[in-house]
Each structure stands twice: as structure tokens, then as C-alpha cells.
Amino acid sequence: MFPTPIEKRSLPFNISYRVAVWIALILWLLPLIAVLLTSARSTADLNAGNYWGIPSQWMLVQNYEQVFTQTPMLRYLLNSIIITVPAVIGAVSLSTLAGYSLAKFKFRGRMGLFAAFIAGNFVPFQILMIPVRDLTIHMGLYDTASGLILFHIAFQTGFCTLFMRNFIVGLPDELIEAARVEGVSEWKIFRHIVLPLVRPALAALAVLIFTFVWNDYFWALVLVQSDDVRPITAGIAALKGQWMASWQLISAGSIVAALPPVMLFFAMQRHFIAGLTLGATKG
Amino acid sequence: MQKLHRKQQQWMPIAFLAPAVILFSVYVIFPIVQSVWLSFYQWDGLGEKTFVGFGNYIELFQDGQFWTAFVNNIYWLIFFMLAPPIGLLLALFLNQKMMGIRFVKAMFFFPFVISQVVVGLVFSWFYDPSFGLFNKFIELFGFQPIAVLSDPNVVTFGIIAAGLWPQIAYCMILYLTGLNNLNPDQIEAARLDGAYGWKMLRHVILPQLKPATFIAIVVTVIGALRSFDLVATMTSGGPFGSSSVLAYFMYEQSIFNYRVGYGAAIATVLFLMMDIYIAYFLWRMLKSEKA
């Protein structure tokens with residue numbers, strides 16, 4: 001282990017290390033703690049300039065209630081779910097099929113296809129913006145959830161295929177070969193042998209893609225314009241313009257927008273990190 | 001039976017691939033070609049397209065706004081490179097066993113999980129000239145308050161600092177995973193040889209962390225060139241376009257000024273910059289694949 005484990009150090013070192021860790025953490029999260037505190041403040045506090053002290057009145061419930069009843073925040077939240085869930089399911093399904101094909105079949109051009117998926121995943125969004133927007137308008141999907149979902153599925157498929165392909169390559173060939181010799185159809189092999197084996201990768205990927213799609217802002221700006229479809233990221237940015245001085249509401253709204261991916265992260269932390277650090281240990 | 005089987009083996013991989021390939025081509029590969037093609041036209045997004053050859057590019061290279069955005073992108077690239085080393089330092093700091101360390105690591109990673117829009121709001125608040133914590137802090141040291149987001153000289157650096165926050169978290173997690181997978185025998189051997197501290201880090205640890213460093217640099221470069229959300233939420237490129245980056249400049253020209261062909265030219269420049277890194281990444285990846 002590196003650096004030297006603290007168990008091997010002196011007691012004063014141990015104590016100061018522990019104190020330093022917690023102080024560093026508070027400093028690191030200070031901007032966020034401020035927002036959290038502000039979401040519980042009253043207007044009076046803000047007017048009096050009490051931005052950093054303890055709120056004189058805890059308005060937590062009232063502020064969040066106001067966010068949900070006086071703004072379309074609930075609608076935005078719902079829209080985000082409507083967009084994100086199908087996009088995750090779509091991208092993960094398509095890429096599991098594609099990843100299996102690229103990993104376990106030998107055919108000409110498979111490395112080229114694989115490279116195209118990887119490269120496409122890194123391009124700047126702006127190079128796609130105009131044609132994707134036109135395409136969406138022509139299909140009659142501008143300002144609909146389906147327009148956004150389709151794009152997200154297509155784009156995330158690049159990263160997902162890279163991920164699934166690299167995972168499936170590591171699975172033993174013998175199982176698949178044995179089934180083939182038995183005459184099991186390719187679809188059944190996929191369904192009953194490959195799919196159960198990739199389950200852990202599916203979980204990691206789904207959590208990661210959920211966060212990516214949930215946090216998307218650019219495509220929400222480009223493909224959607226009305227409050228009825230706008231996801232929460234674009235919604236909160238729009239509200240910022242309207243509520244200029246109501247920082248307690250903007251703060252509360254930000255917390256609401258951040259909560260779902262954060263909860264998912266804490267619930268599935270291991271999967272999330274396993275997905276994100278793919279390739280950080282070998283390659 | 002055997003025949004059916006061979007046939008299946010031939011078309012199944014194609015059937016498995018087809019949905020992903022079709023969708024990816026329609027939404028990603030084909031639009032790239034289309035954008036490059038559009039960059040040679042003058043177009044308002046609705047009417048007739050007029051072929052102008054390299055006209056958009058010539059205008060671009062004479063456009064002061066373009067150079068401001070371009071230089072800002074270079075600043076993003078340079079200063080974003082602080083994320084891997086700071087992430088490494090944090091990872092080294094946190095790579096210990098103590099009660100609650102899992103929670104601490106998760107909280108350090110936190111900024112990466114939340115949306116950049118929220119990060120932008122958090123930092124707008126942090127930088128506020130009248131009550132923001134940033135100014136409270138520098139006042140402690142006797143400095144005059146700075147309106148970070150409305151001062152053309154510092155605004156870009158203010159936004160980059162906000163962007164570094166989640167990016168450092170990302171690099172930290174990559175390095176923590178790398179540190180977890182170190183070869184303990186090599187470290188013990190080096191310790192017996194009297195290597196410790198910096199020497200150990202430089203000659204034993206860092207070479208083993210190479211894969212993590214590679215990924216950290218790749219995602220950091222991509223993050224720097226993709227910077228859009230923070231610029232859009234914190235300043236909309238202002239004041240007077242001084243914090244714009246190519247990604248935002250392109251969006252502004254195409255959506256607000258209806259200069260779609262011109263926007264496509266900006267996107268193409270950004271795409272070419274990114275291509276250098278994409279090509280390098282692919283080369284590395286495919287090389288390790290063959291080995």
C-alpha cells in the first residue's frame with residue numbers, strides 16, 4: 001500500500017491525519033454546503049445579508065414546498081425521468097447486442113466498427129448539433145421527449161458498446177462454443193448464456209448512463225423549448241433568469257435537480273465507480 | 001443442422017449489430033459529415049444554401065470573437081491539466097484505512113455526480129461580489145472584492161476553476177482505483193531497497209499508475225474542449241463575449257444569429273482540435289488490443 005498506512009505511524013500523526021481529512025472535506029464541499037444552508041433560509045434573512053450564518057428561521061419545508069407548487073419544477077422532474085429511463089434502457093440494450101457481436105464473432109471490419117463507436121463517443125456535440133436538430137424537426141420530433149430520447153440512445157450507444165465489448169471479451173469462449181456444438185441457436189445463446197454473465201456490467205453501465213443523460217444540458221437546449229418537455233437541468237437554468245434574487249428558491253431547486261443522480265450514486269457506488277474507472281487499471 | 005448453423009454464424013453478428021450501427025450512423029457519423037459539408041455554405045437554417053467555398057473559414061480567422069473563444073479554449077486546455085495532478089494528490093491523501101473513509105471518498109467524488117448546471121449555479125453564488133464566499137475570503141487577506149464573473153480579465157479563469165472542481169473529483173477516483181490495484185510485492189521490494197516518499201512515488205508508483213494517468217488525461221482534454229454548460233449557465237459567454245469558448249460561440253452563432261453555415265465552420269474547427277486526441281486514444285487502445 002502507498003502511501004505508508006497510518007497504522008504504522010505515531011499516534012499524533014494519526015490524530016492530525018484524521019482531523020485534516022475532515023477539514024479538507026468541509027473545505028472541498030463548502031460551496032455546496034452554502035447552497036444547502038441557503039435553501040433553508042427565509043427571504044428576511046437574505047435581505048438582511050445573512051448569507052453565511054445559521055438561518056435565523058428554518059424555512060426548509062416552506063422553501064421546497066414553494067419550489068414545487070409555484071414553479072414547474074415538478075413537471076421538469078417528471079420530464080427528466082420520462083427522458084432518462086427509456087434512454088438508459090435503449091442504449092444499454094442496443095450496446096449489449098452490439099458489444100457481444102464485436103467481442104465474440106470474427107468478421108471483417110469489426111475492429112473498424114469498434115473504432116468508429118469509440119471515436120464517435122468523443123466528438124464535440126457542436127459538430128452534431130445542426131444536422132441532429134434538422135433531423136429531429138423533419139421527423140416531427142422537435143420539442144418532444146421522443147426526440148431527445150432517440151438522440152441520447154444513439155449517442156450513448158458509442159460509450160456503452162465500448163464498455164460492453166470490453167467486458168464480454170473477457171468472458172470464457174468455452175461456454176458459448178459448447179452451446180454451439182449442442183446446436184443451440186445464437187439468439188438463445190445470447191439470451192441464456194451471455195446475458196446472465198453480463199449482469200454486473202449492465203448495472204454499472206445503467207447507473208453511469210443515467211447520470212450522463214440526467215445531467216445533460218446542451219441537448220435539452222437544442223432539441224426542446226417548452227416547459228412541458230424540458231428536463232430539470234434546462235428548467236433550473238431557465239428559472240434562474242426568472243428568480244434573479246430569490247436565491248433560497250434557486251438553491252432549493254438546484255438541490256432537487258441534483259438529488260436523483262446523487263441518490264443513485266450512493267445506492268450503487270461500487271457499480272458506478274467500476275463503470276467509470278474501466279480501463280484505469282489495465283490497458 | 002450444421003448448415004443452418006454456419007449460416008446463423010454469418011448473419012447473426014450483423015443482426016446483433018444492426019440496430020446500434022444504424023442509430024449511431026444516423027445520429028453521430030452522418031451528422032459529422034453533414035456539418036463539415038455545411039461549413040462551406042452560407043445558410044440561415046431555413047432558406048436557400050449558397051456555396052461559399054472557404055468563405056466561412058476566411059471570415060472566421062478574421063473574426064475577433066473567434067480568436068477570443070479560441071484562446072479561451074487553450075486556457076481551458078492548459079488549466080484543466082491541473083486536474084490529474086491535483087486528483088493524484090487527493091487520492092494519495094485519502095488512500096488510507098480509517099473509520100468513515102469510504103464515506104469521505106464518496107463525498108469528495110460528489111461534485112462529479114451533480115449536473116454542471118448546478119455546479120454553475122453553485123459557483124455563481126460562490127463568486128457573487130456582494131455576499132459570495134469567495135470575496136469574503138479574499139477580504140480576510142485585505143484584498144478588494146472582485147466581481148469575478150463580470151470582469152473580462154478574470155472571468156474565464158473563474159469558470160475554469162468551477163470546471164476543475166468536478167474534474168479533479170473524477171481524476172481522484174481514477175487514481176484511487178489505480179492505487180488499489182498496485183502490486184504490493186514491488187512496493188515491499190522497493191521499501192527494502194530504501195525507497196520511500198518522493199523516490200518511491202516517482203520510480204515505483206507512478207509507472208504502475210500509467211493506465212490511470214492515461215485515462216485521466218484523455219477525459220480531462222475532452223472535458224476542456226467540451227466546456228459548454230458552465231459557460232452557458234454562468235455568463236452566457238459574457239461580458240462582451242470575453243468568456244466564450246468555441247462550443248458556446250458556435251451555439252450562439254447558429255441559434256441566436258441564424259448563421260448556421262458559419263456555426264458549422266466553428267464546429268469543424270473544434271472537431272479538428274479534438275481529432276488529434278481521438279486519433280491518439282484510438283491508436284493506444286487498438287495497440288493494446290493487439291498486444
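In what follows, chains carry the letters A, B, and so on, assigned in the order in which the sequence lines appear, proteins first and then strands, with residues in each chain numbered from 1. Remember, predicted model here, so these are calculated numbers, not experimental data.
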> Less than 6.0 Å separating the ring centroids of B:Y248 and A:F218?
Replying inline: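 When the ring centroids of B:Y248 and A:F218 are compared, they turn out to be at least 6.0 Å apart.
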
Less than 4.5 Å to any heavy atom of chain B: does that hold for the side chain of [X], its backbone, both, or neither?
X	value
A:Y217	both
A:I255	neither
A:A20	both
A:R165	side chain

>> For the backbone of A:W28 and the side chain of B:W165, can you confirm whether one donor and one acceptor N or O come within less than 3.5 Å of each other?
In response: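 Judged by distance alone, yes, a pair lies under 3.5 Å.
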
> Can you check whether B:Q116's main-chain N or O pairs, donor with acceptor, with A:N215's side chain at less than 3.5 Å?
Replying inline: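 No; zero donor-acceptor contacts below 3.5 Å.
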
Do you know which of [options] has the most heavy-atom pairs with chain A at a distance under 4.5 angstrom?
options	answer
B:W125, B:F271, B:F103	B:W125
B:M98, B:K97, B:M200, B:Q34	B:M98
B:V204, B:L121, B:I187	B:L121
B:Y251, B:F134, B:Y277, B:F30	B:Y251
B:F281, B:F123, B:F214	B:F281
B:V36, B:I255, B:L179, B:L38	B:I255

Side chain, backbone, both or neither: which part of [X] has a non-hydrogen atom closer than 4.5 Å to chain A?
X	answer
B:I205	side chain
B:L282	side chain
B:W37	neither
B:L92	both
B:Y175	neither
B:F126	side chain
B:V117	side chain
B:I101	side chain
B:V219	neither
B:A169	both

Give the member of [options] that has the highest number of heavy-atom pairs under 4.5 Å with chain B.
options	value
A:P3, A:P261, A:A258	A:P3
A:V169, A:I6, A:T211	A:I6
A:V35, A:T157, A:L264	A:V35
A:L221, A:T136, A:I153	A:L221
A:T161, A:T233, A:I236	A:T233

>> Can you give me the closest heavy-atom contact between B:A106 and A:F265, atom names plus distance?
In response: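 Shortest heavy-atom separation between B:A106 and A:F265 comes out as O-CE2, 3.9 Å.
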
> What are the two closest non-hydrogen atoms of B:R191 and A:T4, and how far apart are they?
Replying inline: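 What the structure gives for the nearest pair is NH2-OG1, 3.6 Å.
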
Quick one: pull up [atom1] in [X] and [atom2] in [Y] and give me the separation to the nearest 0.5 Å.
X	Y	atom1	atom2	result
A:L30	B:L133	CG	CG	5.0 Å
A:I273	B:L176	CD1	CG	8.0 Å
B:M107	A:W22	CE	CH2	9.0 Å
A:K240	B:M234	NZ	CE	8.0 Å
B:L23	A:F151	CG	CZ	10.0 Å

Does [X], at its [atom1] atom, have more than 12 non-hydrogen atoms belonging to other residues, nucleotides or ligands within less than 6.0 Å?
X	atom1	value
B:F93	CZ	yes
B:Y258	OH	no
B:F137	CZ	no

Which donor-acceptor pairs under 3.5 Å do side chains of residues 118-133 of chain A form with protein atoms, sequence neighbours excluded?
{"unit_1": "A:R133", "atom_1": "NE", "unit_2": "A:V222", "atom_2": "O", "d": "3.1"}
{"unit_1": "A:R133", "atom_1": "NH2", "unit_2": "A:Y142", "atom_2": "OH", "d": "3.4"}

Over 60° means perpendicular and under 30° means parallel, so classify the ring planes of [Y] and [X], tilted if in between.
X	Y	result
A:F117	B:F24	tilted
A:F105	B:F16	tilted
A:F272	B:F112	perpendicular

> In chain order, what residues pass the salt bridge (Lys or Arg N to Asp or Glu O under 4.0 Å) check against A:R41, with sequence neighbours excluded?
Replying inline: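 For A:R41, no residue satisfies salt bridge (Lys or Arg N to Asp or Glu O under 4.0 Å) once neighbours in sequence are set aside.
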
> Only one of B:V119, B:V118, B:V122 clears side chain to side chain contact (heavy atoms under 4.5 Å, CB included) with A:S254; which?
Replying inline: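 Looking at B:V119, B:V118, B:V122, the match for A:S254 under the side chain to side chain contact (heavy atoms under 4.5 Å, CB included) is B:V118.
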
